[in-house]
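Structure first, commentary second.
For clarity, every value in this text was computed on a predicted model and none was experimentally measured.
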Amino acid sequence: MISNESLYRQSVEGPFGKDGNRTKGCNGGSCREKIVPVLSAIKRAISGKCELSTAIENLLDYMRHDMGIDRAIINLYHQESGEIFSHKSFGMTEEEEDRGLQSLGDWIAEKVIFSCKPVMIPKICDDASFSSLRRSLLSAKDMKSSFFCIPIHRGKKVIGSISAIRHYDAQHLLCKHVEALEVVCCLLAQAMDMYLVENVDRHNFERHHREHKDELRDLLKPQNIIGASKAMLDVFAMLHKVAPTKTTVLVLGESGVGKEMIASAIHSNSPNADGPMVKFNCAALPESILESELFGHEKGSFTGAAQLRKGRFEEADGGTIFLDEVGELSLGAQAKLLRVLQERSFERVGGSKTVTVNLRVVAATNRDLAEMVRAGTFRQDLYFRLNVFPLMLPPLRERGRDVITLAEYFISKFAEENGKQVNRITTTALNMLMSYHWPGNVRELENVMERAVVLAEDDAIHGRNLPMVVQSAVFTDTESRQGLEAKLAAIEYEMLLDALRLHSGNLTRAAGELGLTRRTLTLRMKKYNMVYKTFRSGDD
């Protein structure tokens, strides 16, 4: 390695050797004037909005095109966690990007960061610090090249480093490049420090916040309910407060949002959990037999009443009764229900004996009861009795990624029931599920996923396995498609996604996979607002 004294001496000597002869001048971008526009561009980028990414792109372009650097990587160092991570790079294969720091001397980068001193190696093959194992990570061309690593720091605070590989015929040029990049590092240091604070520190805060939310979710979330969105966490928090009491609860929400499951969760966590849970749909029966179903009847009270029969309220004694679609009750039935809520007592049809019950009432409706009260179709006094603790459930379209969590649960459930090995959802299908507005909520999603599992031909749910109304949802932002056009667009969209995902966003390889030119692929991606960078992680 070259010492700091040697680095200083060669920097001072500049482009002239000891004999006073000038070596080859602007080779590789050694001319001083070439860095001036770069410094100006970087200064503009980090001023005002502090666009670090633009500044770094300018630097990398300068290193690649003007300095002739073969490969380079910018590392950032987070002092609190002690983590060194790759931020930006160029000239590296996908395999080398996966290895990250190992490809360009991770042990040297650590040394530079912790010592805050630059390191230069004129020829890698002659340096003992590159062991046989580390040399195996480099190409034959790299072994004959030079390596350098420069710290990025503000005073004594080290923020990161720049590592690079290039072949140098003249050692003074290596020194001049290091000297030039040290100047750039001084410009970038403050912006990079702010980036670490705004992004890495914020990321850590958000991670801790998510962990806290996960703990809260695990504490509050009933075992039979799936969901981790903020909207559902708010529901779980309210449920956690009301469930241990005997308060009457009115569960509100659109059809299919899971009101019955919430009612079951309330019962399971209530003082009456050991008692029965009786469910009754107020819209399922005609009014003529509704009273008998709810309150029971005496033997001989009407034709066909061959024996005494207990009603749903009596069956729920000591537990919970769930009155679904309570907004569908007639005014006459509402009056009788009001008395039960007030006094917890009633008489069976055809009888005079008062029956007293000890139970909890949970009601549910997708109707606007307050509006029904104003319209005179729902009793105001009953509304006040039911509306002691209203609990509003969000529609599925407002629950974010709960859609995917629920879809994966339903896939597992129906795959097991049907003896199929379906265990994942393709990116295309995921986008369609997230774009659809789900008017039927969770119930509709369950039906859609059951159908998709039945149609699946391999281990995945593809976009073509979803109903056409769900497939076409992903195209609403581009143009309206229906019928055959929507079907063809869905197939094209899925094939583009699969190819891009398979090749991690590499446009040339993806185009080859599809039998297209790179330009044609780009045009078709533009039609669906697709960006190749979103596939860099290789996620499905």
Side-chain angles (χ1 to χ4, degrees), residues 242-252 259-367 369-370 372-373 376-391:
V242 74
T245 71
K246 292 187 176 182
T247 301
T248 298
V249 179
L250 178 61
V251 185
L252 304 169
K259 296 188 285 293
E260 184 174 328
M261 297 189 73
I262 289 292
S264 296
I266 292 173
H267 170 71
S268 299
N269 294 276
S270 73
N272 295 349
D274 294 333
M277 170 73 174
V278 177
K279 302 174 183 178
F280 182 74
N281 190 321
C282 299
L285 297 172
E287 185 178 355
S288 58
I289 61 173
L290 186 65
E291 185 178 354
S292 175
E293 284 292 322
L294 283 176
F295 308 114
H297 59 257
E298 297 288 349
K299 180 179 178 181
S301 57
F302 55 85
T303 303
Q307 58 185 3
L308 181 146
R309 184 183 185 280
K310 293 183 178 180
R312 302 301 176 89
F313 273 97
E314 204 166 345
E315 291 175 353
D317 189 21
T320 303
I321 186 169
F322 174 54
L323 301 174
D324 197 9
E325 299 190 53
V326 71
E328 306 301 323
L329 287 173
S330 66
L331 289 172
Q334 292 175 29
K336 294 174 182 178
L337 176 59
L338 176 62
R339 182 190 169 194
V340 181
L341 295 179
Q342 289 175 328
E343 303 174 8
R344 293 296 194 267
S345 63
F346 55 90
E347 287 82 35
R348 301 188 190 100
V349 176
S352 58
K353 180 182 177 181
T354 300
V355 179
T356 301
V357 291
N358 177 20
L359 52 73
R360 181 177 197 169
V361 176
V362 178
T365 182
N366 59 4
R367 304 280 296 273
L369 295 186
M372 292 179 67
V373 169
T377 56
F378 200 85
R379 292 179 62 103
Q380 186 179 51
D381 46 6
L382 177 59
Y383 172 66
F384 290 146
R385 282 290 178 182
L386 291 173
N387 199 42
V388 177
F389 195 97
L391 190 60

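- A heavy-atom distance below 4.5 Å is found between the side chains of F313 and L337.
- Not counting sequence neighbours, the partners of R379 by the side chain to side chain contact (heavy atoms under 4.5 Å, CB included) test are L331, Q334, A335, L338, D381, L382.
- Listed by first and then second residue, the ring-ring contact (aromatic ring centres under 6.0 Å, His included) pairs that reach into residues 334-363 are F295-F346, sequence neighbours excluded.
- You'll find the side chain of L250 reaches within 4.5 Å of the side chain of L369, heavy atoms only.
- Between K279 and S264, the closest heavy-atom pair is NZ-OG, 3.5 Å.
- I266 pairs in a side chain to side chain contact (heavy atoms under 4.5 Å, CB included) with only one of the listed residues (T247, V249, N272), which is V249.
- The CG atom of L329 sits 11.5 Å away from the NZ atom of K336 when rounded to the nearest 0.5 Å.
- The CD atom of E293 sits 11.5 Å away from atom SG of C282, with the distance rounded to the nearest 0.5 Å.
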query = Are T365 and F378 close enough, and set up right, to give a side chain to side chain contact (heavy atoms under 4.5 Å, CB included), and what steps lead you there?
reply = CA-CA 12 Å; T365 182; F378 200 85; over 6 Å; no
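- Annotation for A265 and N269: closest pair O-ND2, 2.8 Å, computed over non-hydrogen atoms.
- Side-chain contact check for N366 versus K259: some heavy-atom pair is nearer than 4.5 Å.
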Please report the C-alpha distance between V355 and R348 in whole Å, then the side-chain angles of each, then the deciding distance to 0.1 Å, and finally whether the side chain to side chain contact (heavy atoms under 4.5 Å, CB included) criterion is met. CA-CA 8 Å; V355 179; R348 301 188 190 100; 4.0 Å; yes
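- Inter-residue side-chain proximity for L290 and F280 is flagged as met; some heavy-atom pair is nearer than 4.5 Å.
- When all heavy atoms are compared, the tightest approach of E291 to V349 is CG-CG2, 3.7 Å.
- Counting only residues at least two apart or on different chains, the salt bridge (charged side-chain N to carboxylate O under 4.0 Å, His left out) pairs with a member in residues 318-335 are E328-R367.
- Using a 4.5 Å heavy-atom cutoff, the side chains of V340 and L294 are not in contact.
- Here the side chains of S268 and M277 are not in contact, with every heavy-atom distance at 4.5 Å or above.
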Enumerate donor-acceptor pairs with a distance under 3.5 Å from any side-chain N or O in residues 315-323 to protein atoms, sequence neighbours excluded.
from : atom 1 : to   : atom 2 : distance (Å)
D317 : OD1    : N358 : N      : 2.7
T320 : OG1    : H267 : ND1    : 2.8

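- Side-chain atoms of S345 and R339, non-hydrogen and from C-beta on, do get closer than 4.5 Å to each other.
- With sequence neighbours excluded, no residue satisfies salt bridge (Lys or Arg N to Asp or Glu O under 4.0 Å) with R360.
- With sequence neighbours left out, P244 forms a side chain to side chain contact (heavy atoms under 4.5 Å, CB included) with no residue at all.
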